[in-house]
Q: 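One structure follows; several queries about it will come next.
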Amino acid sequence: MMISTMQEQNQEPAVQLNGLVKRYGLTRALDGVDLTIESGKVVGLLGQNGSGKTTMLKIIAGLRSPSAGTVKVFGMTPGVKTKQRVVFLPEVNAYYEWMTVDYLIDFVNSFYPDLSRERAEVLKKFMGLKGESKIGALSKGQQARLKLVVGLSRSADLMLLDEPLAGIDPPSRARILQALVGEFRQEHQTLIISTHEVKEAEPIFDQVVFLREGKVALQGNAEALRASTGRSMEELFEEVLE
């Protein structure tokens with residue numbers, strides 16, 4: 001059952017990007033991106049390494065500033081107010097190895113009071129993690145699961161997940177994704193998931209955005225794209241981006 005602790009659905013789009021450009025020297029990581037993501041959607045952000053996916057998520061999270069264009073998150077420019085409503089889970093693990101799982105949850109809770117310890121306990125059990133385990137002793141897949149526990153335990157309106165399946169064994173990926181959307185996603189919560197694991201993630205997407213060299217190569221409603229092209233998202237990924 002979907003957890004119903006969120007605020008009423010926002011009238012403003014969760015994310016609105018207009019002419020978004022991000023330059024690093026002479027390189028354009030993002031090159032004129034226009035994108036609207038309505039609240040409550042599960043969005044797949046798909047692209048090869050270097051296509052601009054992580055840069056886009058960091059800008060939406062308020063961790064990077066655009067070089068040009070506009071960014072709105074729930075109608076606001078990314079800043080202090082939006083950071084209170086957004087969770088960004090990076091692909092790279094930034095946790096201290098000496099911490100235990102429970103210590104980390106307490107540590108994050110000290111910064112973000114919206115973290116629910118009750119929800120964390122449920123997620124921890126589902127992910128097969130023990131509270132006394134040290135982070136340094138966890139496998140890459142277990143650390144990926146831990147990031148999901150911490151992120152999904154917060155009552156955020158927008159979740160930005162950068163390669164959340166990295167390191168997780170293939171048999172577990174689909175099960176975790178289905179549970180993420182079906183059981184642990186909070187009501188009206190918007191998810192943007194950057195992933196290479198298109199096959200496992202495809203069934204949960206409402207909307208997909210294909211990025212290639214910093215530009216949107218294709219976007220739209222996932223079901224409508226499947227119907228109009230006669231192809232799966234995995235097949236479109238190979239056709240559009242490779």
Side-chain angles (χ1 to χ4, degrees), residues 10 12-24 26-61 63-64 66-75 78 86 88-91 158-166 170 173-174 176-178 180-181 185 189-242:
N10 299 281
E12 294 281 356
V15 176
Q16 182 82 54
L17 309 178
N18 294 108
L20 179 62
V21 175
K22 181 60 180 178
R23 303 185 190 91
Y24 294 104
L26 298 177
T27 301
R28 288 196 175 205
L30 295 171
D31 191 6
V33 173
D34 295 313
L35 179 64
T36 299
I37 296 174
E38 300 297 336
S39 295
K41 300 297 183 182
V42 179
V43 181
L45 185 59
L46 311 176
Q48 304 285 14
N49 289 335
S51 61
K53 303 189 305 298
T54 297
T55 297
M56 180 186 291
L57 293 182
K58 287 183 176 180
I59 289 175
I60 294 170
L63 301 176
R64 294 286 187 275
S67 302
T70 60
V71 182
K72 297 293 182 182
V73 177
F74 301 116
V86 177
F88 172 60
L89 295 185
E91 179 180 6
L158 175 61
M159 293 282 298
L160 307 173
L161 311 179
D162 194 7
E163 296 293 345
L165 301 177
R173 290 171 187 164
I176 288 174
L177 283 171
Q178 289 295 337
L180 186 155
V181 173
R185 177 185 174 211
Q189 192 174 55
T190 306
L191 302 182
I192 304 178
I193 303 173
S194 164
T195 182
H196 289 92
E197 312 298 342
V198 182
K199 183 177 181 180
E200 289 89 353
E202 175 177 348
I204 71 171
F205 294 148
D206 299 315
Q207 179 181 349
V208 290
V209 180
F210 292 87
L211 280 183
R212 181 175 60 201
E213 297 179 350
K215 297 182 178 181
V216 175
L218 180 69
Q219 65 170 304
N221 175 275
E223 187 59 40
L225 284 173
R226 278 191 288 265
S228 64
T229 64
R231 294 174 175 83
S232 67
M233 292 301 104
E234 185 179 25
E235 290 170 331
L236 284 174
F237 183 90
E238 295 175 357
E239 180 178 320
V240 174
L241 302 179
E242 294 187 356

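The structure presented is a predicted model; accordingly, all values stated were derived computationally and were not measured.
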Q: Could you state the interatomic distance from NZ (Lys41) to CD (Glu38), rounded to the nearest 0.5 Å?
A: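 Lys41 atom NZ to Glu38 atom CD measures 7.5 Å (nearest 0.5 Å).
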Q: Is there side-chain contact between Phe88 and Leu63, with at least one heavy-atom pair below 4.5 Å?
A: yes
Q: Output all residues satisfying side chain to side chain contact (heavy atoms under 4.5 Å, CB included) with Asp34, sequence neighbours left out; order by chain, then residue number.
A: Asn18
Q: Within a strict 4.5 Å, meaning less than it, do heavy atoms of the Gln207 and Asn221 side chains meet?
A: no
Q: Would a 4.5 Å heavy-atom cut-off, applied to side chains only, mark Thr70 and Gln16 as touching?
A: no
Q: Assess the residue pair Phe74 and Val15 against the criterion (side-chain contact (heavy atoms from CB on, under 4.5 Å)); give the C-alpha distance rounded to whole Å, side-chain angles, the decisive distance to 0.1 Å, and a yes or no.
A: CA-CA 6 Å; Phe74 301 116; Val15 176; over 6 Å; no
Q: Could you report the tightest heavy-atom contact between Gly47 and Lys53, atom names first, then the distance?
A: O-NZ, 2.9 Å
Q: Testing the basics here: between Pro164 and Ser194, what is the closest heavy-atom pair and its distance to 0.1 Å?
A: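 It is CD-O, 3.4 Å.
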Q: Quick one, Gln48 with Phe210, criterion side-chain contact (heavy atoms from CB on, under 4.5 Å). Give me CA distance, side-chain angles, the key distance, then yes/no.
A: CA-CA 9 Å; Gln48 304 285 14; Phe210 292 87; over 6 Å; no
Q: Identify, with sequence neighbours excluded, every residue that meets side chain to side chain contact (heavy atoms under 4.5 Å, CB included) alongside Thr55.
A: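 With sequence neighbours excluded, Thr55 shows a side chain to side chain contact (heavy atoms under 4.5 Å, CB included) to Lys22, Tyr24, Ala29, Leu30, Ile59, given in chain and number order.
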Q: Less than 4.5 Å apart, any side-chain heavy atom of Met56 and any of Val33?
A: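 Yes, at least one pair of side-chain atoms sits under 4.5 Å.
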Q: Would you say that Ile37 contacts Ile192 through its side chain, given a criterion of any heavy-atom pair below 4.5 Å between the two side chains?
A: yes
Q: Who are the side chain to side chain contact (heavy atoms under 4.5 Å, CB included) partners of Arg23, not counting sequence neighbours?
A: Val21, Arg28, Ser67
Q: With a 6.0 Å cut-off (strictly less than), is the heavy-atom count around CD of Glu213, excluding the residue itself, greater than 12?
A: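 No, because the 6.0 Å sphere around CD of Glu213 holds 12 heavy atoms or fewer from other groups.
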Q: Would you say Leu160 and Ile60 make side-chain contact, with heavy atoms under 4.5 Å?
A: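 Of all side-chain heavy-atom pairs linking Ile60 with Leu160, at least one is under 4.5 Å.
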Q: Quick one: side-chain hydrogen bond (donor to acceptor under 3.5 Å, both in side chains) partners of Lys58, sequence neighbours excluded?
A: none
Q: Strictly distance-based, threshold 3.5 Å: is any side-chain N or O of Lys72 a donor or acceptor partner for the main-chain N or O of Pro13?
A: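 Checked: no pair found.
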Q: Phe205 versus Val43: any side-chain heavy-atom pair under 4.5 Å?
A: no
Q: Given 3.5 Å as the limit, does a donor-acceptor pair link the side chain of Asp206 with the main chain of Val42, or not?
A: yes
Q: Would you please name every residue forming a side chain to side chain contact (heavy atoms under 4.5 Å, CB included) with Glu91, sequence neighbours left out?
A: Asp162, Glu163, Ala166
Q: Quick one: do Arg231 and Glu239 make a salt bridge, cutoff under 4.0 Å?
A: yes
Q: Taking side-chain hydrogen bond (donor to acceptor under 3.5 Å, both in side chains) as the definition, give me every residue that meets it alongside Glu202, ordered by chain and number, with sequence neighbours left out.
A: Arg226
Q: Applying the side chain to side chain contact (heavy atoms under 4.5 Å, CB included) test to Leu46, which of Ile193, Thr195, Val209, Leu211 qualifies?
A: Thr195
Q: Taking all atoms of both residues into account, what is the closest heavy-atom pair of Thr190 and Gly40, and its distance?
A: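 Shortest heavy-atom separation between Thr190 and Gly40 comes out as OG1-N, 2.8 Å.
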Q: What distance do Leu177 atom CG and Glu200 atom CD have between them, rounded to the nearest 0.5 Å?
A: 8.0 Å
Q: Side chains of Gln178 and Ile204: does their closest heavy-atom pair fall under 4.5 Å?
A: yes
